[in-house]
Amino acid sequence: MLVIISDLHLGDGTTAASIPVSAFYLFAKRLRQDAHFASMRRGKYRPIEELDVILMGDIIDPLHSTKWLFPPKGREQYVQIGDESHIRITEEGDTDYVRPWSDPSHPLFAPKLLEVTRAIIEHNQEAFGILCKLANGEFIEFDPTNESGDRDAANRSKIPLKVRFHYMTGNHDWYYHLPGEAFDRIRQEIIDAMGLSNPPTPFPFDLRKTHPSTDWKQDEAPQIERLFRTYNVFCRHGDYYDPFNFNPKLGRDHATIGDAFTMEVCNRYPEELKRKPDLDPEIVNNLRHITNVRPALATPLWISGQIKRLSNEHLITGMNERALKKIWDNLSDKFIDLKFVRSKDIPFRIDIVDKMQAAIKVSKLISLDTLDKLIYRLQNRRLFGGDGSFTKFALKEPAFQDDTARYILYGHTHHQETIPLDYDEHGGNQIYFNSGTWHTYFDLARTDPTEKKFVPYKALSYTTFYKEDEHDERRFETWTGAYA
């Protein structure tokens, strides 16, 4: 039995909240139930011997941590604002400046990643404890069989099943793909905290190149490759197909424009607001949910909606809507001016940097109302970034084209899908799945988007595959839930 999940985005609590620990208890309960179903083999009870879970990227989310904005632990500098002191945010050129796009060999990079990783582990300790119990065989156990081969429910001795967890990386946790002893030590702490089966060497990202001519080295992960063969599956996180979050020329060991925008605009905006003495801390805390907004392009709409609502309720004092928008605009300017971002600007070609620069210039010149109308138009044209189907890429996947996999799985989009790709009499069905997400959403209500209403809920989805004789010959199933 093989289970694939992705996009948990477990953070350290400094930005938007992660999925609550109740989701992990629910997952453990369903995993135990599924394992018992899988033990019915052609009408006979025979406990399964293996249960593997592939964590297919963006599980731990060090990118959504504001700790990157500050000096290393123990070297903080403070600024006094009103009656409160705040840690000074480092700026490009400062001695203590380190960001996710800094050179990984920089002496501050690995220590900062370790600091963030430890904070995530501590913040999600109870959730990780559930995974460890599953890995130790404490959650799933079977009744033995008697001499006739039938289930012996009266027997007090039970057969424990240890779940094996395999970590693959995506675009928010790609740092755990970096080679080197310092990163091996960080990975070992993750392995210990989560009960992973991985060795401390780089967690795999790409087990089969889409384009064999690419320069980066293809990963080797024998345990995962064996699972692919056993279940006729192939999976990758899917960020490979998102130019905002993956650079196809450099490979996965390099930061992207998406990293910089997330850190310097989305993560930093609430931090900058904290430093405005006239703003209620609860207002700032509310705006921390920016990273949970869906669709992604609705983020400015959500911000403007929050600002307008807070203003109408007279909760904003000392600052008006224009001043709050100006802070966002200034951060956007700083983002575009980063050396890292400028280095991605390709001369004599309209690239993603040029498009973002143009969008930022336009947004600065127009009011919140005009910006909202522009976003409404984009919504009607279905241009919400990051929410489209990746089916067209699955059709080009080498494992699909040469029939080495019947099932192709991606994550990344947070949108669970089950889409048929092909059928042939020899091999049977070929199907594309998107594994969805475990995440808290603030989703734009579609009835009247001009009202800027966002509905909060929590999503949890996973995909399960069975061996030929498991679960009375069932081959796969998907499960998607939402609760609030």
Side-chain angles (χ1 to χ4, degrees), residues 3-12 18 52-65 68 100-101 104 109-110 112-114 116-117 120-121 124 128 131 164-180 182-210 214 216-225 227-228 233-242 244-248 250-256 258-259 262-263 386 390 409-414 434-439:
V3 177
I4 298 179
I5 60 178
S6 72
D7 296 275
L8 276 62
H9 291 279
L10 301 172
D12 61 2
S18 306
D52 292 88
V53 177
I54 294 179
L55 307 173
M56 198 176 59
D58 287 4
I59 305 301
I60 287 180
D61 192 344
L63 181 59
H64 276 147
S65 171
W68 290 96
W101 51 91
F109 189 93
K112 176 58 72 173
L113 180 61
L114 177 61
V116 172
T117 303
I120 294 172
I121 290 173
N124 297 277
F128 289 165
L131 299 185
R164 293 189 295 247
F165 290 95
H166 312 271
Y167 200 121
M168 297 180 68
T169 58
N171 59 295
H172 276 241
D173 51 8
W174 67 267
Y175 322 96
Y176 306 125
H177 185 262
L178 290 167
F183 301 104
D184 288 347
R185 289 192 290 270
I186 296 172
R187 281 184 286 266
Q188 187 61 59
E189 295 201 17
I190 298 172
I191 292 167
D192 295 340
M194 299 180 68
L196 302 179
S197 296
N198 297 66
T201 49
F203 292 167
F205 169 75
D206 184 7
L207 274 70
R208 185 170 182 183
K209 295 182 181 181
T210 300
T214 49
W216 65 83
K217 183 181 178 182
Q218 183 172 302
D219 296 317
E220 294 182 3
Q223 290 188 66
I224 298 176
E225 290 169 349
L227 295 173
F228 286 175
V233 163
F234 181 81
C235 67
R236 64 172 84 241
H237 182 68
D239 53 320
Y240 180 94
Y241 304 107
D242 178 0
F244 192 60
N245 289 298
F246 185 81
N247 188 322
L250 298 176
R252 189 59 283 175
D253 288 347
H254 296 268
T256 64
D259 296 347
T262 297
M263 184 61 58
F390 278 8
L409 287 95
Y410 301 146
H412 189 60
T413 68
H414 295 192
N434 191 286
S435 53
T437 185
W438 294 20
H439 213 274

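Just so it is clear, the model here is predicted, and its values are computed rather than measured.
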Go through the structure and list residues passing side chain to side chain contact (heavy atoms under 4.5 Å, CB included) with P199, not counting sequence neighbours.
T201

Take Q223 and D52 through the test side chain to side chain contact (heavy atoms under 4.5 Å, CB included) and record every step on the way to the result.
CA-CA 10 Å; Q223 290 188 66; D52 292 88; 5.6 Å; no

Answer yes if the ring centres of W68 and F109 are under 6.0 angstrom apart, and no otherwise.
yes

Do H9 and D61 have a side chain donor and acceptor closer than 3.5 Å?
yes

In Å, rounded to the nearest 0.5 Å, how long is the span from CD1 of I224 to CZ of F234?
10.5 Å

What residue among I59, T117, N198, I120 forms side-chain contact (heavy atoms from CB on, under 4.5 Å) with I190?
T117

Close side-chain approach of Q188 to D184, heavy-atom, < 4.5 Å:
no

Steps toward side chain to side chain contact (heavy atoms under 4.5 Å, CB included) verdict (F228, R208)
CA-CA 11 Å; F228 286 175; R208 185 170 182 183; over 6 Å; no

Determine, stepwise, if the pair R252 / W216 fulfils side chain to side chain contact (heavy atoms under 4.5 Å, CB included).
CA-CA 8 Å; R252 189 59 283 175; W216 65 83; over 6 Å; no

Could you go through Y167 and M194, starting from their C-alpha distance and side-chain angles, then the distance that decides it, and tell me whether this counts as side chain to side chain contact (heavy atoms under 4.5 Å, CB included)?
CA-CA 10 Å; Y167 200 121; M194 299 180 68; 4.3 Å; yes

To the nearest 0.5 Å, what is the distance between CD1 on I186 and CD1 on I191?
12.0 Å

Decide yes or no for L227 and V233: does some side-chain heavy atom of the first lie under 4.5 Å from some side-chain heavy atom of the second?
no

Can N171 and H237 be counted as having a side-chain donor-acceptor contact under 3.5 angstrom?
yes

Which heavy-atom pair separates S65 from D12 by the least distance, and what is that distance?
OG-OD2, 2.5 Å

Under a 4.5 Å cut-off applied to non-hydrogen side-chain atoms, are Y241 and T413 in contact?
no

Can you tell if the side chain of P100 reaches within under 4.5 Å of the side chain of K112, non-hydrogen atoms only?
no

For E189, does the CD atom have more than 12 heavy-atom neighbours from other residues, nucleotides or ligands under 6.0 Å away?
yes

If we only count heavy atoms from C-beta on, is the L8 to D58 side-chain gap below 4.5 Å?
no

Residue pair W174 / D239, side-chain donor-acceptor N/O under 3.5 Å:
no

Quick check on side chain to side chain donor-acceptor pair (under 3.5 Å): which of D206, T169, D253 does H177 satisfy it with?
D253

